[in-house]
There are 2 protein chains.
Amino acid sequence: MVVEELSDEAVDRLFHALADATRRDILRRCGRDDLSVSRLAEAYPMSFAAVQKHVAVLERAGLVTKERRGREQLVHTDPEAVEKARRALDELAAAWLGRIGRMAALLEQAQEETEDP
Amino acid sequence: MVVEELSDEAVDRLFHALADATRRDILRRCGRDDLSVSRLAEAYPMSFAAVQKHVAVLERAGLVTKERRGREQLVHTDPEAVEKARRALDELAAAWLGRIGRMAALLEQAQEETEDP
DNA sequence: CTCTTCTACAACCATTTGGTTGTAGGTTAG
DNA sequence: CTAACCTACAACCAAATGGTTGTAGAAGAG
């Protein structure tokens with residue numbers, strides 16, 4: 001897997017897509033099972049078209065892909081997507097917590113005990 | 001620090017706040033050094049009031065806090081904020097990547113889960 | 001005290017977002 | 001073939017976003 005640099009716009013789209021409870025729920029559902037858009041739409045108190053738009057936002061952010069299966073379009077969450085988001089967070093953290101030397105270790109080891117001054 | 005559960009609205013605010021390049025840059029700058037709002041405003045091609053609004057968004061999301069210092073208001077990023085965002089991502093990942101065994105190992109290795117229900 | 005600086009906040013405006021309905025095009029079932 | 005189903009997309013609307021300017025209040029500097 002290639003470690004692609006994420007542009008500002010890509011990070012914008014990523015976090016924007018994640019900033020909505022319905023879209024996060026779609027990610028969860030389509031992570032467990034690939035679902036068609038209309039199957040998804042049954043789960044939410046909104047129109048089919050609205051769900052279609054949410055899926056489009058997720059797709060533009062690279063969080064899901066669609067695959068034609070007959071007359072249905074199956075949505076499935078990209079397993080690498082979470083890594084992209086995590087990497088974006090890590091880059092931010094590396095920059096903004098640079099003054100706390102401890103963060104370097106935190107990044108390598110991901111997380112450890114977080115309480116000492 | 002207690003591991004607080006993040007409400008849907010809190011996660012919304014978190015990711016929404018992160019979905020803007022100017023705000024991410026503010027986080028970086030105020031991670032290296034606490035800066036007053038007007039000092040920050042000098043760095044961006046927009047008005048003081050606009051920067052003030054960005055800081056307010058970050059503050060509502062819990063990513064920064066403001067501390068009065070004389071007539072200035074120093075902004076500094078909350079070192080725990082990145083952990084909150086990371087935890088939100090981890091919870092999402094745990095739910096949506098449950099079917100991919102590989103991810104479980106990654107999560108365990110990346111973050112020692114310190115909860116017992 | 002007076003002047004300047006820093007901040008807060010209201011009012012306003014253009015654009016985007018999140019929702020709706022409606023229409024049209026493919027694809028499968030009978 | 002015809003009917004039913006799934007999807008794509010346009011047009012529209014209310015509300016939120018991201019920006020502006022302007023006014024007013026606190027706090028330091030001189």
Side-chain angles (χ1 to χ4, degrees), chain A residues 7-30 33-77 85, chain B residues 7-30 33-77 85:
Chain A
S7 71
D8 267 9
E9 292 79 19
V11 178
D12 285 0
R13 284 191 295 267
L14 237 185
F15 285 129
H16 169 69
L18 290 170
D20 181 282
T22 300
R23 288 195 287 264
R24 290 194 299 274
D25 194 69
I26 290 177
L27 287 177
R28 286 190 209 98
R29 287 174 189 268
C30 295
D33 259 326
D34 291 5
L35 294 174
S36 69
V37 182
S38 49
R39 185 65 62 177
L40 266 176
E42 294 171 4
Y44 307 104
M46 64 186 75
S47 68
F48 170 82
V51 174
Q52 229 179 357
K53 284 190 181 181
H54 281 303
V55 171
V57 170
L58 291 166
E59 200 176 11
R60 262 179 264 127
L63 285 161
V64 305
T65 57
K66 286 191 292 189
E67 187 187 355
R68 254 241 129 74
R69 169 135 184 177
R71 63 181 162 185
E72 296 181 330
Q73 192 95 257
L74 296 188
V75 178
H76 85 278
T77 301
Chain B
S7 71
D8 266 8
E9 292 79 19
V11 178
D12 285 1
R13 284 191 295 267
L14 238 185
F15 285 128
H16 169 68
L18 289 170
D20 181 283
T22 299
R23 288 194 289 263
R24 290 193 299 273
D25 195 69
I26 291 176
L27 287 176
R28 288 189 207 98
R29 286 174 189 267
C30 295
D33 258 326
D34 291 4
L35 294 174
S36 69
V37 183
S38 49
R39 185 65 61 178
L40 265 177
E42 294 171 7
Y44 305 103
M46 64 186 74
S47 68
F48 170 83
V51 174
Q52 227 178 359
K53 284 190 181 182
H54 281 303
V55 171
V57 170
L58 291 167
E59 198 177 12
R60 263 179 263 126
L63 285 161
V64 306
T65 58
K66 287 191 291 188
E67 187 189 355
R68 256 243 130 70
R69 168 134 184 177
R71 63 181 161 181
E72 298 181 330
Q73 191 93 260
L74 296 188
V75 179
H76 85 278
T77 60

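To find a chain, count down the sequence lines: A is the first, B the second, and so on, and within it residues start at 1.
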Output one line per pair: protein atom, nucleotide atom from nucleotides 20-24 of chain C, and distance, for all N/O pairs under 3.5 Å.
{"unit_1": "C:dT20", "atom_1": "OP1", "unit_2": "A:Ser47", "atom_2": "N", "d": "3.3"}
{"unit_1": "C:dT20", "atom_1": "OP2", "unit_2": "A:Ser47", "atom_2": "N", "d": "2.7"}
{"unit_1": "C:dT20", "atom_1": "OP2", "unit_2": "A:Ser47", "atom_2": "OG", "d": "2.5"}

- Message: Heavy atoms from C-beta onward define the side chain here; which of C:dG19, C:dT7, D:dT7 lies closest to that of B:Glu72?
- Response: C:dT7
- For DNA chain C, whose closest nucleotide is more 5', that of B:Ser36 or that of A:Arg60? B:Ser36
- Task: Treat primed atoms plus P, OP1 and OP2 as sugar-phosphate and everything else as base, then score nucleotides 25-30 of chain C 5' to 3': B for base contact with protein heavy atoms under 4.0 Å, S for sugar-phosphate contact only, - for none.
- Result: --BB--
- With B:Arg23, which residues qualify under side chain to side chain donor-acceptor pair (under 3.5 Å), at least two apart? B:His54
Distance-only donor-acceptor pairs under 3.5 Å for side chains of residues 57-73 of chain B, two or more places apart:
{"unit_1": "B:Thr65", "atom_1": "OG1", "unit_2": "B:His76", "atom_2": "ND1", "d": "3.2"}
{"unit_1": "B:Arg68", "atom_1": "NE", "unit_2": "B:Gly70", "atom_2": "O", "d": "3.4"}
{"unit_1": "B:Gln73", "atom_1": "OE1", "unit_2": "B:Arg68", "atom_2": "N", "d": "3.3"}

With a 3.5 Å cut-off and sequence neighbours excluded, list the donor-acceptor pairs that the side chains of residues 42-51 of chain A form with protein atoms.
{"unit_1": "A:Tyr44", "atom_1": "OH", "unit_2": "A:Asp25", "atom_2": "OD2", "d": "2.6"}
{"unit_1": "A:Tyr44", "atom_1": "OH", "unit_2": "A:Ile26", "atom_2": "N", "d": "3.4"}
{"unit_1": "A:Tyr44", "atom_1": "OH", "unit_2": "A:Arg29", "atom_2": "NE", "d": "3.2"}
{"unit_1": "A:Ser47", "atom_1": "OG", "unit_2": "A:Ala50", "atom_2": "N", "d": "3.2"}

- Task: For C:dG19, take OP1 and OP2 only and decide whether either is under 4.0 Å from a side-chain N or O of A:His54.
- Result: yes
- Note on the structure: Side-chain atoms of B:Gln52 come closest, of C:dA8, C:dG18, D:dC9, to C:dA8
- Note on the structure: Bend of the helix from C:dC1-D:dG30 to C:dG30-D:dC1 from end-axis comparison, five pairs per end, nearest 10°, comes to 30°
- Message: Just to be sure I understand the rule, does B:Thr22 reach a base, reach only the sugar-phosphate, or reach nothing, if contact means heavy atoms closer than 4.0 Å?
- Response: nothing
- Message: So, OP1 or OP2 of C:dC6: does either fall under 4.0 Å of a side-chain N or O from B:Gln73?
- Response: no
- Nearest atoms (heavy-atom pairs only) where B:Leu18 meets B:Ala85: CD1-CB, 4.2 Å
- Validation row: A:Val75, A:Leu35 side chains within 4.5 angstrom (heavy atoms): no
